[in-house]
Amino acid sequence: MAQLIDELFLQEFANPYLHQKNDQAAIPIKKGTIAFTTDSFVINPLFFPGGNIGSLAVHGTINDLAMSGAQPLYLSAGFILEEGFPLSDLKKIVESMAKAAKEAGVQIVTGDTKVVYRNQADGLYINTSGIGTIPDNIHISAERATPGDSILLSGPIGDHGIAVMADREGLSYSTSLISDAASLNGLVAVMLEAVQDIHVMRDLTRGGLAAALNEIASTAEVGMIIEETAIPVRPEVQAACEMLGYDPLHVANEGKLIAICPSDSAPSLLTAMRNH
């Protein structure tokens, strides 16, 4: 275990806080409200077109922070490895985590590794937690959705869920479909520069667009009307959904968000999103 930490995790996640080799990371926090999130990743297959469980864990945790308007700063990473899991695969996964974190401007500062018996973990599970700070002038929360607000969508839906399912089920397309998994904190920063009074943001993960809208509507006790024909869906996603019996509105995404804002702010916010 010590060799694994020294030769893999410390090498790939290198930063001063991790290199202290303590049971915790003592990290500086900027002024503002602390945002804190945690998530676990159990995806099958571990590698899919456009990413793997490692990059997905980083993107997903960063996005949960960013949806509050927070600047993501630090992540933890916990690995549950199945006995006999190939170290070559683990190295690829850790390298992709390091790359995703670096591109998003965050540091992986603490972690844990456990090994379980063969056939008890589908190869690998990852748990990540994240910390960020929210500026004092930003107040983004589901209960702020207000009648008359506009709902903006950042791009085509269903890419991630269908890319993973297609790979798992052995489906093929003439056009290669890849996951949309990406960290959204850069996009969110640009959006907040354009419009500070964004009422709600939500990334469209498990349950897709429909689940996100229903959760917000329930929390804010409002109704929502969507123009279904205005929601972009790639032809290969639509074809796979028809073949498999899914509705694209319910398919998971890992690189898309919705923003709910006052209608008079929507044109400025949409322009900022399109320019990113």
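Here the structure is a predicted model, which means the values were calculated and not measured. Note: hydrogens, waters and symmetry copies are ignored here, and every other heavy atom, side chains too, is used.
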Undergrad: Side-chain donor-acceptor contacts of residues 154-163 below 3.5 Å, not counting sequence neighbours, with atom names and distances?
TA:
from	atom 1	to	atom 2	distance (Å)
S154	OG	L257	N	3.0
S154	OG	L257	O	3.4
D159	OD1	R234	NE	3.4
D159	OD2	R234	NE	2.6
D159	OD2	R234	NH2	3.2
H160	ND1	S179	OG	2.7

Undergrad: Output the distance between atom OG (S76) and atom CG (N127), rounded to the nearest 0.5 Å.
TA: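 Reported value, rounded in 0.5 Å steps: 6.0 Å.
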
Undergrad: Backbone N or O of G78 within a donor-acceptor pair of the D112 side chain at under 3.5 Å?
TA: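 Answer holds: no.
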
Undergrad: Could you work out the complete set of other residues in the hydrophobic cluster of V190, with links drawn between I, L, V, M, F, W and Y side chains under 4.5 Å apart?
TA: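 Cluster partners of V190: none, it stands alone.
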
Undergrad: Given L10 and I5, is the side chain to side chain contact (heavy atoms under 4.5 Å, CB included) satisfied, shown in steps?
TA: CA-CA 6 Å; L10 285 176; I5 292 170; 4.0 Å; yes

Undergrad: Quick test of your reading: applying ring pair (Phe, Tyr, Trp, His ring centres under 6.0 Å), list the pairs with at least one residue in residues 130-154, sequence neighbours left out, ordered by first then second residue.
TA: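 The answer is none; no pair qualifies.
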
Undergrad: List for me each residue that meets salt bridge (Lys or Arg N to Asp or Glu O under 4.0 Å) alongside D6, sequence neighbours excluded, and say none if there are none.
TA: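 Counting only residues at least two positions away or on another chain, D6 forms a salt bridge (Lys or Arg N to Asp or Glu O under 4.0 Å) with K21.
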
Undergrad: Which side-chain N or O atoms in residues 269-276 pair as donor and acceptor under 3.5 Å with protein atoms at least two apart or in another chain?
TA:
from	atom 1	to	atom 2	distance (Å)
T271	OG1	P267	O	2.9
N275	ND2	T271	O	3.3
H276	NE2	L187	N	3.4

Undergrad: Rounded to the nearest 0.5 Å, what separation is found between the CZ atom of F47 and the CG atom of D89?
TA: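 F47 atom CZ to D89 atom CG measures 4.5 Å (nearest 0.5 Å).
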
Undergrad: Side-chain donor-acceptor contacts of residues 211-226 below 3.5 Å, not counting sequence neighbours, with atom names and distances?
TA:
from	atom 1	to	atom 2	distance (Å)
N214	ND2	A210	O	2.8
E215	OE1	R202	NH1	2.8
T219	OG1	E215	O	2.9

Undergrad: With E242, which residues qualify under side chain to side chain contact (heavy atoms under 4.5 Å, CB included), at least two apart?
TA: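 E242 satisfies side chain to side chain contact (heavy atoms under 4.5 Å, CB included) with Q238 only.
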
Undergrad: Restricting to pairs with a member in residues 184-198, which pass salt bridge (Lys or Arg N to Asp or Glu O under 4.0 Å), not counting sequence neighbours?
TA: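 Every salt bridge (Lys or Arg N to Asp or Glu O under 4.0 Å) pair that includes a residue of residues 184-198, provided the two are not neighbours, is R144-D197.
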
Undergrad: Going from CG on D39 to OG1 on T128, what distance comes out if it is rounded to the nearest 0.5 angstrom?
TA: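 Rounded to the nearest 0.5 Å, the CG-OG1 separation comes to 6.0 Å.
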
Undergrad: Quick test of your reading: applying ring pair (Phe, Tyr, Trp, His ring centres under 6.0 Å), list the pairs with at least one residue in residues 108-134, sequence neighbours left out, ordered by first then second residue.
TA: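 Residue pairs passing ring pair (Phe, Tyr, Trp, His ring centres under 6.0 Å), neighbours aside: none found.
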
Undergrad: Say you draw a straight line from CG of D122 to CZ of F85; how long is it, rounded to the nearest 0.5 Å?
TA: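 Interatomic distance, D122 CG to F85 CZ, rounded to 0.5 Å: 11.0 Å.
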
Undergrad: Any heavy-atom pair between the side chains of Q107 and L73 that's under 4.5 Å?
TA: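 No, every pair of side-chain atoms sits at 4.5 Å or beyond.
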
Undergrad: Would you check if the side chain of N253 reaches a backbone N or O of L204 as a donor-acceptor pair within less than 3.5 Å?
TA: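 Pair found, side chain donor or acceptor close to backbone of L204.
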
Undergrad: Do C261 and H199 come within less than 4.5 Å of each other through their side chains, counting heavy atoms only?
TA: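 A side-chain contact is absent here, since even the closest heavy-atom pair is not under 4.5 Å.
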
Undergrad: State which residues pass side chain to side chain contact (heavy atoms under 4.5 Å, CB included) with Q11; sequence neighbours excluded, sorted by chain then number.
TA: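 Side chain to side chain contact (heavy atoms under 4.5 Å, CB included) list for Q11, sorted by chain: empty.
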
Undergrad: Spell out, as yes or no, whether a donor-acceptor pair under 3.5 Å connects the side chain of S40 to the backbone of I126.
TA: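 Here the side-chain-to-backbone pair does not exist.
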
Undergrad: If the condition is side chain to side chain contact (heavy atoms under 4.5 Å, CB included), which residues does K91 pass it with, not counting sequence neighbours?
TA: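 So K91 forms a side chain to side chain contact (heavy atoms under 4.5 Å, CB included) with L8, E12, E95.
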
Undergrad: Rounded to the nearest 0.5 Å, how far does CD1 of I93 lie from CZ of F41?
TA: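 These two atoms lie 13.0 Å from each other.
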
Undergrad: Decide yes or no for L4 and F9: does some side-chain heavy atom of the first lie under 4.5 Å from some side-chain heavy atom of the second?
TA: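 In short, these two side chains touch, coming nearer than 4.5 Å.
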
Undergrad: Heavy atoms, side chains only, cut-off 4.5 Å: are T205 and E254 in contact?
TA: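 Result yes, sub-4.5 Å side-chain heavy-atom pair found.
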
Undergrad: Taking distance alone, no hydrogens or angles, what donor-acceptor pairs closer than 3.5 Å link side-chain atoms of residues 130-137 to residues at least two apart or in another chain?
TA:
from	atom 1	to	atom 2	distance (Å)
N137	ND2	Q196	OE1	3.1

